[in-house]
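One structure is given here, and the rest of the page talks about it.
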Amino acid sequence: MRANMHDNFNLLESRVLDTLTKTNLERIKDVLSSIKTPTICTGVGGSNVVSNFASKVISKKNNCIVESIEPRSIIYKSLSGYSNVLACSYGGSNFGVETSFNNELNKYLLSTKIKEGVNNITYISSIEPEDSFISLAATLMPMSILLAYYADNDLSLIREILATKKAYLTRVSKIYEILSGYDTSTASIFLESTLAESGVAIPIVHDKYGYCHGRSTTSYHNNSSVIIFNKDTELDQKLLSLFQEYYQEVIQIDSRYQDSIIDDFYLTYQSMLLSKSIATSTNKDLSRVDYSPMVKKLYYFKGSM
């Protein structure tokens, strides 16, 4: 019998901890610490979430310039000044990886698979592979590898975060406006892609300060709910004081850690729990999505972009 969303959420913590236990974290630390010059990270779908988090970790830990973009963008972006490209991909063989590596940059691959001719940052997953339309473990496992590197392989922090399973009760809403920014971008990318790819709701992502310059008009003319990553700043307090009047529901995901890298990992995990609640409220399954017939016609595209 195929696993459903609840099965995959029940196995999520075990899959992450298994990866951290079975993977050679010291070797990964050696490879990641060698990235000292301007770098581009790439990834698509769930791996775009990983790519964004990787760019933050490497930039802050290694004190170098790192940018996260989707694979197609690397074709059009000037690569002058960049030395490396890190492709994030669970399976390691999609067309996005091939596109990311079609250049003269030093190549790194964060994946469960090994690819010849590149610097492999390989992590191990020994528990049965995740069978899910929306990537949960396939997103959180490589993120945990990156956070382990950031924390000098102290895994107690990751265990602490995974033990924080908050409940988010939601009403049904067709539109979710997400208030975010660079500090919470990994979490918001996960939420946006999950809601869009599953068809559960229509997500709109706003920069918190950008929202102040006219974007509140959307909720004035539409029945929508709002999700805010709350860091209890003066701006957050001002926004929250106004939201109740203009939204069907106000959902807060409260910040917990002072360090923005650690906090973004925590908020991404909480976003996964929230996405489960939203899907449940609409009687939908994130693992067994009723997806468009176009998905199979587009997923394996390989051609000029």
Side-chain angles (χ1 to χ4, degrees), residues 1-19 43-53 70 88-97 111-113 123 125-144 162 165-176 178 186-205 224-225 227 249 251 253 267-301:
M1 190 172 179
R2 298 180 68 188
N4 60 28
M5 174 178 71
H6 298 284
D7 297 325
N8 284 314
F9 268 100
N10 288 338
L11 283 170
L12 183 56
E13 181 177 356
S14 298
R15 283 175 166 143
V16 170
L17 295 177
D18 173 73
T19 289
V44 67
S47 292
N48 184 33
V49 182
V50 180
S51 170
N52 186 77
F53 190 65
E70 297 214 24
C88 304
S89 171
Y90 183 80
S93 60
N94 65 52
F95 190 53
V97 173
S111 178
T112 59
K113 305 296 182 183
Y123 55 96
S125 176
S126 64
I127 296 180
E128 59 183 290
E130 181 180 53
D131 179 13
S132 180
F133 188 84
I134 299 297
S135 298
L136 299 168
T139 296
L140 205 59
M141 287 191 299
M143 283 184 62
S144 72
L162 294 178
K165 297 179 173 66
K166 294 193 175 183
Y168 296 92
L169 301 177
T170 60
R171 297 193 293 269
V172 176
S173 184
K174 188 60 180 175
I175 302 171
Y176 285 91
I178 303 164
T186 308
S188 62
I189 289 171
F190 173 82
L191 266 182
E192 190 277 337
S193 64
T194 296
L195 295 180
E197 290 179 18
S198 66
V200 166
I202 299 169
I204 304 172
V205 179
S224 56
S225 293
I227 301 167
E249 183 176 21
I251 302 169
I253 306 182
L267 293 172
T268 302
Y269 182 55
Q270 296 305 312
S271 294
M272 290 184 171
L273 300 177
L274 173 60
S275 70
K276 177 186 176 185
S277 177
I278 293 173
T280 300
S281 71
T282 58
N283 294 314
K284 293 189 178 179
D285 189 322
L286 296 177
S287 293
R288 306 270 77 84
V289 170
D290 180 20
Y291 55 81
S292 166
M294 280 198 291
V295 169
K296 288 188 176 180
K297 297 175 182 178
L298 292 171
Y299 189 80
Y300 295 105
F301 171 81

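Residues satisfying the ring-ring contact (aromatic ring centres under 6.0 Å, His included) criterion with Phe133, sequence neighbours excluded, are Tyr291. Scanning for side chain to side chain donor-acceptor pair (under 3.5 Å) contacts around Asn48 gives Glu70, with sequence neighbours left out. In this structure Thr280 satisfies the side chain to side chain donor-acceptor pair (under 3.5 Å) test with no other residue, sequence neighbours excluded. Qualifying salt bridge (Lys or Arg N to Asp or Glu O under 4.0 Å) partners for Lys166, counting only residues two or more places apart in sequence or in other chains: none. Remark: Ser47 engages Cys88 in a side-chain contact (heavy atoms from CB on, under 4.5 Å) (not counting sequence neighbours). Partners of Ser277 by side chain to side chain donor-acceptor pair (under 3.5 Å), not counting sequence neighbours, listed by chain and number: Thr170. For Ser193, the side chain to side chain donor-acceptor pair (under 3.5 Å) criterion is met by no residue, not counting sequence neighbours. In this view, Thr112 and Tyr90, Tyr123 satisfy the side-chain contact (heavy atoms from CB on, under 4.5 Å) rule, not counting sequence neighbours. Applying the side-chain contact (heavy atoms from CB on, under 4.5 Å) criterion to Ser89, with sequence neighbours excluded, gives Asn94, Val97. For Asp285, there are no salt bridge (Lys or Arg N to Asp or Glu O under 4.0 Å) partners, not counting sequence neighbours. By the salt bridge (Lys or Arg N to Asp or Glu O under 4.0 Å) test, Glu13 is found to be paired with Lys165, residues two or more places apart in sequence or in another chain being considered. Not counting sequence neighbours, Ser93 has no partner by the side-chain contact (heavy atoms from CB on, under 4.5 Å) test.
Looking at Gln270, its side chain never comes within 3.5 Å of a backbone N or O of Ile253 through a donor-acceptor pair. Panel note: side chain Glu249, backbone Arg171; a donor-acceptor pair is recorded below 3.5 Å. Looking at Thr268, its side chain does come within 3.5 Å of a backbone N or O of Ala187 through a donor-acceptor pair. One N or O on the side chain of Ser144 and one on the backbone of Met141 form a donor-acceptor pair closer than 3.5 Å. A donor-acceptor pair under 3.5 Å is formed between the side chain of Glu130 and the backbone N or O of Leu136.
In this structure, Asn8 and Ser132 approach most closely via the heavy-atom pair ND2-CB, 3.6 Å. In plain terms, the two heavy atoms of Pro203 and Ile178 that are nearest each other are CB-CD1, 4.2 Å. Contact record, Leu286 with Val289: O-CG2, 3.4 Å, taken as the closest heavy-atom pair.
Residues Asn4 and Ser287 have side chains that never bring a donor and an acceptor to within less than 3.5 angstrom of each other.
The closest side-chain heavy-atom distance from Tyr168 to Ile278 is not below 4.5 Å. Inter-residue side-chain proximity for Met272 and Thr139 is flagged as met; some heavy-atom pair is nearer than 4.5 Å. Side-chain contact between Leu140 and Leu162 is present, with heavy atoms from C-beta onward closer than 4.5 Å. With a 4.5 Å cut-off on side-chain heavy atoms, Met5 and Arg288 do not count as touching.
Taken from CZ in Phe53 to CE in Met143, the straight-line distance is 4.5 Å, to the nearest 0.5 Å. For the atom pair OH of Tyr176 and OG1 of Thr194, the computed distance is 13.0 Å after rounding to the nearest 0.5 Å. Between atom OG of residue Ser271 and atom CD1 of residue Ile227 there is a gap of 7.5 Å, rounded to the nearest 0.5 Å. Here OH of Tyr269 is found 13.0 Å from CG of Leu274. Values are rounded to the nearest 0.5 Å. For the atom pair OG of Ser14 and CD of Glu128, the computed distance is 10.5 Å after rounding to the nearest 0.5 Å. In this structure, CD1 on Ile175 lies 5.5 Å from CD1 on Ile202, to the nearest 0.5 angstrom.
The only option from Ser225, Ser281, Ser224 that meets the side chain to side chain donor-acceptor pair (under 3.5 Å) definition with Ser173 turns out to be Ser225.
Residue Phe301 qualifies as enclosed at atom CZ: its count of foreign heavy atoms under 6.0 Å is above 12.
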